[in-house]
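This report concerns only the one structure given below.
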Protein chains: 2
Amino acid sequence: MSIQGAETQKKIVEISDDLFYRQGYEHTSFSNIAEVVGISRGNFYHHFKTKTQILDAVIEFRKEKTQRMLDDWESSFTDEIQRVKCFINILIKNKSKIKHYGCPVGTLTTELQKLDHSAHEHAVEIFVMFKNWLVAQLKSAGKKGNEAEQISLHLLARSQGVATVFNAIKNERFLRAEVDSLETWLDEQFERV
Amino acid sequence: MSIQGAETQKKIVEISDDLFYRQGYEHTSFSNIAEVVGISRGNFYHHFKTKTQILDAVIEFRKEKTQRMLDDWESSFTDEIQRVKCFINILIKNKSKIKHYGCPVGTLTTELQKLDHSAHEHAVEIFVMFKNWLVAQLKSAGKKGNEAEQISLHLLARSQGVATVFNAIKNERFLRAEVDSLETWLDEQFERV
DNA sequence: GTCTATATAGAGATAGAC
DNA sequence: GTCTATCTCTATATAGAC
């Protein structure tokens, strides 16, 4: 495969990633993607044979992006609690996207599950990546395995819930209050020892 | 409209309600609904002219069901905190449905928003019904307006988050732990006075 | 590697007989 | 009020020229 081919392929994945997020997977058509990429529908099939193949590539792309983000948080702070607060603060950082399109991780897994799509488990892996990273940080900060797991799942759920409700009601004061409350809650988990 | 006609119409709405929940709105076709109802696609259009009309009828149906549930909680308990705990415990009561299909309120609003569907705001009204009911209970239990609002949105978000994460990772211990933690948190909001 | 043309299936929606 | 037949559009996917 030539360099240009690889670039087109990458472009297809990046644009599909964005469109799947904003419009949903099923609602996004090949024509839709082809139009934005600037290629014909026919050419499209030279790069990906099925829509599921694009979806899998998008999920892999998201996993790579997630890993880079987690690595970035780790290199930015030595304090594990600060690192975990980076996770909490995605809600603020991605505020306007979440307001319009929700959380990319939660909305994709939910959609694929309703479609009974084979890629559902693949999408759940992104959830698990976040969870495992959070568990690692909490263990490193002194928490036992069980507690680290419980706190991590709690953080994931809180984050998902805030994203869903914010997406529905668009109340920014609610978002701020929940993020503050989450940070305070996290601090409390280490004060009580 | 004859009695039989009204019954068919009701049947269409109830079956669509279920299918939209389990498969998603867009993923559910007329043929799909007609097949389960046991009528032909053509007959279908005698009752509903567009898919959006069915969706609106389903949302109204869900609003009515929700109102009946809220009324039921109110008549079952005089203590407002017990009533609010009924809300928290839907997570347990609807455990297996949530495990497979997520929260019907959250997943529908999320989907409609991605489809940029005109019925999105209609669907958000169900969220608002829950919120207003929770606010009323909390005010009745002595909370000021602002705090009642904040606690209600927090409960909604927690509930949504648990549903989304449970749907993705299917961990029942997580679900139980979160429901317990939510109940404890609610009690604490009234102990601290 | 890109294109046009086309196959095939299913969607939402309509017309009109009974 | 229910049916069959049909229209139109768009979807995924393929074939083959350049």
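These numbers come from a predicted model, not from an experiment. In what follows, every chain begins at residue 1, and chains take the letters A, B, ... in the order their sequences are listed.
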Across all chains, not counting sequence neighbours, the salt bridge (charged side-chain N to carboxylate O under 4.0 Å, His left out) partners of A:E149 are A:K131
Geometric class of the B:Y25/B:H117 ring pair [parallel <30°, tilted 30-60°, perpendicular >60°]
perpendicular
Using atom CZ of B:F48 as one end and atom C1' of D:dT2 as the other, report the distance to the nearest whole Å.
16 Å
Centres of the B:F30 and B:F48 rings: under 6.0 Å?
no
Strictly below 4.0 Å: does B:H46 bring a side-chain N or O up to OP1 or OP2 of D:dC3?
no
Is the closest side-chain heavy-atom distance between B:I59 and B:E125 below 4.5 Å?
no
Between C1' of C:dT2 and NZ of A:K11, the distance in whole Å
14 Å
Atom-pair distance (CD1 on A:I12; C1' on C:dT2), nearest Å:
12 Å
Would you call the rings of A:F87 and A:W73 parallel, tilted or perpendicular, where under 30° means parallel and over 60° means perpendicular?
perpendicular
Under 4.0 Å protein heavy-atom contacts per nucleotide of nucleotides 8-18 of chain C, with B for base, S for backbone only and - for none:
---SSBB----
Near DNA chain D, under 4.0 Å by heavy atom, which residues of residues 109-117 of chain B?
none
In one Ile/Leu/Val/Met/Phe/Trp/Tyr side-chain cluster, 4.5 Å: B:V128, B:V135
no
With the side chain counted from C-beta on, respond yes when B:E111 and A:H27 share a heavy-atom pair under 4.5 Å apart, and no when they do not.
no
d(CZ, A:F44; C1', C:dG1) in whole Å
15 Å
Taking the six-membered ring of B:F190 (Phe, Tyr or Trp), confirm whether the NZ or CZ of B:K143 is under 6.0 Å from its centre and within 45° of its axis.
yes
